[in-house]
Each structure stands twice: as C-alpha cells, then as structure tokens.
Amino acid sequence: MDRHHSDDSTDNGGDANGQRAKRPRPAPRPISATEIAEEFAHHDSSVARINNGSFGSCPATVLAAQRSWQMQFLRQPDEFYIHRLQPGLFHSRAVVKEIINAADVDEVSLVDNATTAAAIVLQHASWAFAEGAFRKGDAVVMLHYAYGAVKKSIHAYVARAGGHVIEVPLPFPVSSNEEIVREFRKALELGKANGRRVRLAVIDHVTSMPSVVIPVKELTRICREEGVDQVFVDAAHAIGSVEVDVQDIGADFYTSNLHKWFFCPPSVAFLYTKKCSAASCLHHPVVSHEYGNGLPLESGWIGTRDYSSQLVVPSVMEFIGRFEGGIEGIRKQNHDKVVEMGKMLAEAWGTFLGSPPEMCCSMIMVGLPGCLRVSSEKDAMKLRSFLRDKFKVEVPIYYQPPKDGEVLEKDGNNCVTGYVRISHQVYNVVGDYHRLRDAIHNLVGDGYNCDMLSSK
Amino acid sequence: MDAPRDDHRLAENRNGNSCDEAEGRLSKWPRPHPAPISAAEIAEEFSHHDPAVARVNNGSFGCCPASVLAAQLRWQRLFLRHPDEFYFSSLQPSLTRSRSLVLELINAAHLDEVSLVDNATTAAAIIFQHVAWSFIEGAFNAGDAVVMLHYANGAVKRSIHAYVARARGHVVEVPLPFPLSSPDEVVAEFHRTLGLCRARGRRVRLAVIDHITSMPCVVIPVKELTRICREEGVDQVFVDGAHSIGNVEVDVQDIGADFYTSDLHKWLFCPPSVAFLHTRGSSAATPRLHHPVVSHEYGNGLQLESGWIGNRDYTPQLVVPAVVEFVERFEGGLEGIRRKNHEKVVEMGKMLAESWGTLLGCPPEMSCSMIMVGLPGCLGVSSEIDAMKLRALLRDEFKIEVPVHYQSPPKDGEAAGATDKSGAMVTSYARISYQVYNVEDDYWRLRDAVHKLVRDGFNCIQSRYC
C-alpha cells in the first residue's frame with residue numbers, strides 16, 4: 001500500500017455479510033471551494049439557503065449518477081428488474097451497514113423516508129395491540145418535540161389500537177442533558193403506573209423543531225433498566241450530522257434520512273432493525289411479492305417505482321471521500337461553523353442560543369429579538385415567508401409559547417418567543433448568515449413586528 | 001403551463017358536463033395537434049429504449065416518452081433549486097392540477113374522490129388496511145369474506161393475506177377458466193362464488209375485481225360484476241385496474257365501484273411511478289381511508305394525505321399535463337392510441353397464432369392492448385419456473401422481451417385443455433403488448449425465435465435453461 005496515503009484500511013473483499021471497502025481512500029487533494037460551488041450550482045444562487053435541515057441537498061455528481069440509474073431502467077426495465085435492481089440495492093445497504101456500524105446487512109432496510117420507517121414500526125405496534133400481544137392501555141412514550149408527522153402516526157396506529165400515548169415534556173431552551181434525562185425518567189414512571197407496561201419508546205436523536213441533540217444512548221439505557229420493551233430512535237436528521245453507531249446506541253429500531261445530511265437525492269432513508277429483537281415481524285405497509293421474506297427484501301420491491309435514489313449511496317460515498325476527513329470531517333466543519341454563525345447572530349441581535357453548542361449538530365437555534373413579537377406558530381410561518389419573499393433568506397422559525405406562570409428568557413426588555421433554526425452544510429458561506437443578520441436588523445430598525453404582517 | 005383547450009369531439013363522449021373551474025374541472029381533452037405525430041417522431045420520443053430489444057412487454061413496466069421525461073426533469077430541478085419555495089408554493093397546486101386532469105379522464109364526479117399514489121400496489125394496501133381496521137374494530141365480524149379473482153395480481157393476493165386474513169377475514173377466490181371464449185364464463189363463475197358465500201351464510205364485505213388481469217391477461221366485465229355485487233349485497237367493490245388507463249376506457253361513474261385504481265406509468269406515458277385511487281363520494285368508507293405512511297395531513301382526507309407522505313420525489317405525479325400534450329399529438333388522442341394498439345395487438349396475435357399453429361387465449365373483444373398467444377406445446381413448458389426460464393432464454397439469446405404464462409393442464413373432470421395444430425397440449429402463452437413505439441418487426445422476431453426453438457427441438461424438460 002502506498003505509504004503516503006492515510007492508514008484507512010481498504011478491505012476490498014466482499015463477503016456474504018456485505019463487508020465492503022471502508023471509507024474510500026481520500027482523493028489526493030480535498031475538494032476546493034470552487035468545486036463545491038459547482039456541485040451545488042443548481043441551487044438558487046440568489047437565496048441565502050440556511051435550511052439544509054428541512055429538505056437536504058444533493059450534489060451534481062450524485063444527481064448525474066441517479067440519472068444514469070434512471071436511464072438504465074427506462075432503456076430495458078425488465079432486464080433492470082431481473083439483473084440490476086436487487087444487487088444495486090444490496091450494495092447501498094452494505095454501505096449503510098458500514099457507516100452506521102450495524103452488525104449485519106440483514107439489519108438494514110432502505111425506505112423512502114423516516115416517516116415511512118415510523119409507519120412500519122408503529123404499524124407493528126398496532127398489530128401487537130390488535131392481536132393481544134400488548135394489552136389495551138399499555139403505553140408508548142414519545143418526546144414532546146417529536147416530529148409532528150410521527151406524532152400523528154403514533155395516534156393513527158397506537159392510540160387507535162388502544163395504546164396509551166405519553167409525551168415527555170422537554171424544556172426549551174435547554175442547558176444540559178440532565179434536564180432531558182430527568183423528564184424522561186418521570187415519563188417512564190407515569191407509563192408504568194397502574195401496572196401498565198411501556199411497550200415502545202420513540203426517541204428523537206436530533207429533534208426537528210426546536211432542534212437539539214438528545215442523549216439517545218443514555219435514554220436507551222434507561223429504557224432497558226426500566227423494562228421498556230422496545231426502543232425506536234427517530235434520527236431523521238442524524239446521518240451525516242452526528243455520529244451514528246447503532247450497536248453503541250443499542251436501540252431496537254433506528255431510522256435516518258439519507259437525503260437530509262447525506263447528499264442523497266429525494267428520497268431515501270434506512271431503517272435499522274436489531275436482529276435479536278422482534279424485527280422479523282416488521283412489514284412494509286405496501287405489501288408486494290416479497291412479503292414475508294424480511295423487511296429488507298420487502299422494502300426492496302413495493303411495486304413499480306423509481307428506486308434510483310436508493311441506488312446512489314455508493315456514489316455519495318465517492319463524493320464524501322473528496323472531503324478532508326470524509327463524513328466526519330464534514331460533520332465537524334458543519335458543527336463548528338454553525339456554532340460560530342449562531343454565536344455571531346446571537347451577539348449581533350442581543351439574544352442567545354437555544355442550547356449549548358454540545359447539544360447541537362449541524363443546526364442550532366438562535367433567539368430572535370423579542371421586539372419582533374412572534375406570538376403564534378402562524379406568526380412564525382408568516383415571518384419565515386416574509387424573510388423568503390423580501391430578503392430571499394430561507395430559514396425556518398420556531399415559536400416557543402410561554403407556559404402559564406413561566407417566565408421566558410428575555411433579551412433585555414422583551415421575551416424571546418421566536419428562534420431561527422440555522423443549518424450549515426458544505427455549500428454554505430458566511431455571507432448567507434450575514435444576510436440573515438442584516439435582514440433581522442433591518443426589520444428591527446424599521447420597528448417591524450409580526451402584528452403588522454397581513455394574514456395570507 | 002396553459003390549461004388544455006376544449007375539444008368538441010371528445011365532449012360528445014362525455015355526459016356533456018360543463019366546464020367548472022371551482023370543481024377543478026379543466027377543459028376537456030385538448031384538440032389534437034394539426035399534423036399527427038409521425039413515425040420518426042415517435043421513434044425519437046422513445047430513442048432511449050434499447051434499440052436491440054424487441055420490446056413486446058409494455059404491460060409490465062410501461063414506457064415514458066422523452067418529452068415527458070424532460071418535463072419531469074424540469075420539475076426535479078425546480079425542487080432542487082429551492083425546495084422550501086417549491087414545497088410552499090408549487091407542490092400542492094401542481095398535484096391538484098394533475099388530479100383534475102385525471103378526474104376528466106376517468107369521469108369522476110368530484111376532485112376529492114381522486115388521490116394520487118405511487119402505484120396500484122399502494123392503493124391496494126390502503127384499501128386492505130382499511131378492511132383490516134374494520135375487522136379489528138368490530139365493524140366486520142371474524143369470518144366475513146373478501147372475494148378476489150384467482151388471476152388477481154400476486155402482490156395484491158399477498159396484500160389481502162397480510163391485512164385481511166391476518167385480521168381474521170375469510171378470503172375467497174373466484175376460479176377462472178383459461179383460455180376463455182366469452183365474458184359469460186367469468187360472470188358465471190363470479191355468480192357461483194357469491195352464491196356459495198350466501199349459501200354458507202358468509203357476509204361478503206369486499207369484492208376485489210381486476211379490470212384487466214395481469215397473467216393471464218384478459219379484460220374482465222367489471223361493470224357487470226359490480227352490478228352483480230350490488231344485487232348480492234356485497235358491501236363494497238374495489239376494482240384493481242392497474243393496466244386500465246390508456247388501455248381500455250375507464251368511466252368510474254359508469255362502472256360504479258366504490259374504489260378504482262390504475263397505474264399511470266403503464267399505459268398513460270407517465271414516468272415511474274404514479275397511480276390514481278378513485279374513491280366514490282357516496283361510499284361510507286370514504287372518510288376513513290388513510291394512507292399507511294402517516295404525515296401532517298392525516299385526517300384531512302386521503303386525497304390530501306397522499307399529497308404529502310414525507311419528503312420525497314413527487315415529480316412523476318406532476319407531469320400529467322405534459323402527458324396530455326404528448327397524447328394530443330396522436331390522431332384521436334388517447335382513444336385513438338387505445339384503438340390502434342388494440343387493433344395491432346390483435347392483428348399481431350393472430351399472425352403469431354397462425355404461424356405457430358396455436359390459438360389466442362381469449363376472443364379479441366376480451367383483450368385490450370395486450371393479448372395472450374399460445375406457444376407451441378412441443379416447447380414442453382411444465383411449470384412457472386419453466387415459463388420464467390423460457391422468458392429469460394428469449395431475452396438473452398434473441399433479445400426479445402415478452403412475459404410467458406404457464407397454464408397448468410386441466411385436472412381430471414375439467415374440460416379438455418387447448419391443443420395446438422400438432423395435437424400437443426398448449427401449456428404456455430406469450431402475453432404480447434402493443435404500444436405506440438412498437439413496430440411489426442418486433443413480432444416477426446418473436447415469431448421467428450419460437451420457430452427456431454421448435455426447429456432446434458428445444459424442450460424445457462431437456463434444456464439446461466429450464
């Protein structure tokens with residue numbers, strides 16, 4: 001092996017477990033700023049795009065790889081179906097297995113998105129209630145800041161089947177993991193009250209709004225101690241944004257979107273199902289020819305559709321390999337930059353961060369000046385639209401409602417009720433955040449507040 | 001994109017419904033282009049197909065012309081350029097526009113009845129999950145029946161098992177003869193099966209009826225079967241029309257089923273993948289149908305739930321207007337395409353049957369843009385695996401893509417099976433398709449390939465392939 005290269009081992013042998021080469025040897029020199037800009041030249045250059053968290057991003061080379069897969073299908077679809085699709089999906093799954101440190105490639109399924117993964121896990125819980133494996137009234141625990149769609153899914157599958165749903169209230173702004181752990185323990189006690197069992201805990205790895213990194217490993221450990229049957233980590237944002245080691249975390253089910261922070265086109269996610277759990281009972285809700293052959297195979301064919309976004313994972317690894325330090329390097333750089341930008345904004349606006357830097361990843365919450373008077377979710381949406389339409393700044397805004405009797409954090413004179421969630425991804429530049437800073441200054445300077453926004 | 005213009009000719013075929021923007025009705029199908037698309041232009045539109053392959057299997061995976069692919073690419077770029085803007089401003093209105101065009105195409109009564117989903121397999125899962133809940137929640141009793149055809153699609157059969165049987169519903173199959181000589185045979189079997197259920201005191205909660213069966217492929221008289229279901233007190237009817245749209249006429253009000261689904265990527269030139277699920281307004285079940293992937297729109301009606309099932313690529317659902325433009329370039333529009341496809345596939349089917357000394361699997365009026373043609377019995381296809389392997393052989397050695405159906409010989413007491421001119425039992429059928437990109441040479445190549453196999457004494461029993 002060339003001794004000038006890093007000591008990344010390259011095990012090129014492929015075995016039945018899908019062991020493949022580890023991270024590709026980095027290119028001789030890392031990708032340049034110009035090359036990055038080229039890769040994302042299809043982004044609207046007039047927009048300060050500081051919301052990678054919502055819809056992710058996909059570089060041009062990966063889009064080209066996707067197009068190649070699509071054309072292969074269109075050229076001779078039968079041949080593609082018979083010879084190329086399943087090996088291509090297996091290759092992608094094998095790559096995912098490596099990056100998340102799963103024990104076996106059979107534990108890795110590819111699905112459309114974390115929303116679909118949630119439906120799979122929750123439908124399984126639903127059957128358990130319906131078939132009597134779980135008793136009516138047994139509990140499913142979720143975080144208050146669980147993603148809205150997942151909350152609805154829990155209602156649609158668990159509550160409807162007779163399960164009792166418990167929400168773990170979480171403080172925000174938050175200052176330490178201990179606050180979260182405390183609330184979680186309390187919720188589990190509640191779940192076990194009156195002789196109930198807690199059948200499933202749904203824990204976000206990185207909450208969406210407001211965005212904080214949750215100590216999932218510790219919470220999973222607590223679940224085991226407290227006799228929770230199964231743990232499902234909804235890590236929609238995690239892969240490419242925080243380290244993901246599913247064996248270390250120890251959950252039964254773990255899902256993350258590859259199109260948010262892992263440069264895949266829309267859309268693809270993985271759902272990890274630990275082998276020794278009841279994973280063999282998981283089914284994809286769209287039942288097709290592979291029903292009963294295990295979730296990875298069921299998910300690999302759910303009728304005719306475009307599977308190309310699931311096939312480009314190897315191409316994504318090549319792209320990531322061009323960055324110094326690979327995906328870890330990207331994560332670290334994103335984190336450092338988003339904290340730096342977050343602090344810059346908080347300082348400029350006289351506000352504060354929504355969580356300490358160690359509880360954030362490639363996204364961070366920054367308080368908006370209280371004088372903007374964000375006083376509802378509707379206000380937050382309208383302010384967001386206003387920033388998009390007038391300033392061409394794309395950033396989601398979170399409304400933190402004051403609880404009764406609670407004194408909100410202030411920025412001097414006014415309660416901070418609104419937060420921006422800024423993201424940093426490889427295509428972002430400092431100018432994006434300056435534009436946001438100045439847009440807010442502009443609004444404050446004009447004496448603007450949300451009451452003035454006309455209802456749309 | 002501009003709204004399609006009125007087409008007076010096609011207005012005659014409808015009920016004379018007036019244009020009503022508030023209902024989401026757009027103009028009827030556009031006036032055809034002055035000069036119809038030429039053969040050279042068609043070839044260009046499908047130049048991304050492998051030119052070496054005689055692609056006689058549009059039925060499995062469909063096809064998509066270059067101009068529609070280009071439209072899809074434009075939508076994809078729009079999303080990638082500024083996804084938030086796309087999500088907040090473009091996505092839902094564009095989905096509504098596609099749904100409006102589908103409403104026109106299928107003669108649905110109201111836009112809320114039309115949902116877009118990935119494919120018919122997904123539509124089936126939606127219906128069956130609803131049935132499962134009905135059993136679980138006690139609306140249906142354990143042992144109540146769901147009836148399906150023996151030739152229902154394999155994936156749909158598994159779905160019925162996964163949802164209905166698991167929830168303690170009783171699954172009943174309607175046996176269907178093949179080859180067929182008239183729709184009456186189908187009607188008779190269906191009647192008999194429902195009668196048996198009645199005699200055994202089984203309430204039939206749902207009938208699942210294919211509009212066009214997949215393998216073997218025949219057109220089922222769905223309107224009549226639906227009528228029979230109403231007479232026999234079947235609660236609800238679900239028509240699985242996966243192959244229908246662009247292949248046979250689809251008038252959901254006329255057919256009268258509670259649920260009707262069809263893939264738009266098979267015969268309506270959409271890219272993979274998109275289907276519609278029509279749910280009749282008056283159906284008692286309509287408010288309770290849910291997409292299994294639950295997201296923000298849960299509870300707001302299936303048509304809205306399906307419009308957002310998490311972040312994904314919705315562009316196949318957005319190109320229906322581009323498809324309309326493509327279709328209008330053909331003489332007679334979609335009806336013209338359907339008619340020509342049917343005439344050609346029957347012509348080619350008869351040519352093959354005559355040449356091989358075999359038979360068609362059904363009379364022409366029970367076929368559409370696909371038809372089953374018996375293969376010479378001497379090929380010795382004696383299992384589904386044989387059929388798969390013969391198909392692979394045709395693909396690998398002759399570059400012909402055609403699915404092969406294995407028809408098991410009749411059992412004792414059943415009517416004698418079909419034989420070919422040499423007297424051998426016909427145990428396999430090729431399902432040939434005809435779509436606008438096909439040329440007669442594709443079918444001559446198939447004809448000659450089978451002749452060669454026969455001449456070479458090929459037999460599945462002996463061949464290493466089978």
Is A:Ile82 close to chain B through its backbone or its side chain, or both, or neither, when contacts mean heavy atoms under 4.5 Å? side chain

On a heavy-atom basis, the closest approach of A:Glu79 and B:Glu401 is N-OE1, 4.4 Å

For B:Ala167, is it the side chain, the backbone, both or neither that has a heavy atom under 4.5 Å from a heavy atom of chain A? both

Got a second to check how far A:Asp44's CG is from B:Phe86's CZ, nearest 0.5 Å? 14.0 Å

If we define contacts as heavy-atom pairs under 4.5 Å, which of B:Arg77, B:Arg168, B:Arg55 has the most with chain A? B:Arg55

Check: B:Asp50 side chain, A:Gln72 main-chain N or O, donor-acceptor pair, under 3.5 Å: no

Side chains of A:His43 and B:Pro83, heavy atoms from C-beta outward: is any pair under 4.5 Å? no

Restricting to non-hydrogen atoms, name the atom on B:Trp133 and the atom on A:Tyr157 that form the minimum distance, rounded to 0.1 Å. CH2-O, 4.0 Å

Report yes or no: does A:Arg388 contribute a side-chain atom to a donor-acceptor pair with the main-chain N or O of B:Asp84 at less than 3.5 Å? no

With a 4.5 angstrom heavy-atom cut-off, is it the side chain or the backbone of A:Ala236 that approaches chain B, or both, or neither? neither

Less than 4.5 Å to any heavy atom of chain B: does that hold for the side chain of A:Leu63, its backbone, both, or neither? side chain

Test A:Phe80 against B:Phe61 for side-chain contact (heavy atoms from CB on, under 4.5 Å), laying out the working first. CA-CA 11 Å; A:Phe80 185 90; B:Phe61 297 101; over 6 Å; no

Report which part of B:Asn153 has an atom under 4.5 Å of a heavy atom belonging to chain A: side chain, backbone, both, or neither. side chain

Heavy-atom proximity to chain B below 4.5 Å, by part of A:Asn113: side chain

In this structure, are over 12 heavy atoms from other groups packed under 6.0 Å from A:Arg435 atom CZ? yes

In this structure, OG1 of B:Thr122 is separated from NE2 of A:His284 (nearest 0.5 Å) by 8.0 Å

Do A:Ser385 and B:Glu85 make a side-chain contact, defined as non-hydrogen atoms from C-beta onward lying under 4.5 Å apart? no

Greater than 12 external heavy atoms within 6.0 Å of A:Glu377's CD: no

Heavy-atom contact with chain A under 4.5 Å, split by part of B:Leu80: both

Check the pair B:His48, A:Met71 against side-chain contact (heavy atoms from CB on, under 4.5 Å), reporting the backbone distance first and the verdict last. CA-CA 7 Å; B:His48 51 277; A:Met71 295 315 291; 3.7 Å; yes

If every non-hydrogen atom of A:Trp127 is compared with every non-hydrogen atom of B:Ala132, which pair is closest and at what distance? CH2-CB, 4.2 Å

Distance-only, no hydrogens or angles: does the A:Asp78 side chain make a donor-acceptor pair with backbone N or O of B:Ser60 under 3.5 Å? no

Could you check which of B:Arg166, B:His82, B:Arg391 has the highest count of heavy-atom pairs closer than 4.5 Å to chain A? B:Arg166

Determine whether more than 12 heavy atoms belonging to other residues, nucleotides or ligands lie under 6.0 Å from atom CD of B:Glu137. yes

Of all the heavy-atom pairs spanning A:Thr304 and B:Pro272, show the shortest one and how long it is. CG2-CB, 4.4 Å

With distance as the sole criterion, is a donor-acceptor pair present between the side chains of B:His296 and A:Tyr147 under 3.5 Å? yes

Which atoms of A:Ser309 approach chain B - backbone, side chain, both or neither, heavy atom under 4.5 Å: neither

Nearest heavy atoms of B:Val294 and A:Ala156, plus distance in Å: CG2-CB, 3.8 Å

When the 4.5 angstrom heavy-atom criterion is applied to A:Phe40 and chain B, the contacting part is neither

Against chain A, label B:Phe88 side chain, backbone, both or neither, depending on which of its atoms sit under 4.5 Å from a heavy atom there. side chain

Among B:Lys266, B:Gln129, B:Gln76, who wins on heavy-atom pairs under 4.5 Å with chain A? B:Gln129

Whatever's closer than 4.5 Å to a heavy atom in chain A on B:Leu73 counts as side chain

Tell me, for A:Gln76 versus chain B, whether the close heavy atoms (under 4.5 Å) come from the side chain, the backbone, both or neither. both

For B:Pro292 and A:Ala119, which heavy atoms make the closest approach, and how far apart are they? O-CB, 3.3 Å

Pick one of side chain, backbone, both or neither for A:Arg160, based on which atoms fall under 4.5 Å of a heavy atom in chain B. both

Judged by modelled atom types alone, do B:Asn311 and A:Asn257 share a side-chain donor-acceptor pair under 3.5 Å? no

Heavy-atom distances under 4.5 Å only: say whether A:Ile302 touches chain B with side chain, backbone, both or neither. backbone

Do A:Glu290 and B:Arg158 sit within salt-bridge range, that is, some charged N less than 4.0 Å from a carboxylate O? no

A:His42 and B:Phe79 aromatic centres sub-6.0 Å: no

Tell me, yes or no, whether the heavy-atom count around B:His161 atom NE2, taken from other residues, nucleotides or ligands under 6.0 Å, exceeds 12. no

Dump the intermediate steps for side-chain contact (heavy atoms from CB on, under 4.5 Å) on B:Val293 and A:Val286, then the final yes or no. CA-CA 9 Å; B:Val293 178; A:Val286 178; over 6 Å; no

Would a distance-only check, ignoring hydrogens and angles, find a side-chain to backbone donor-acceptor pair under 3.5 Å from A:Lys152 to B:Tyr298? no

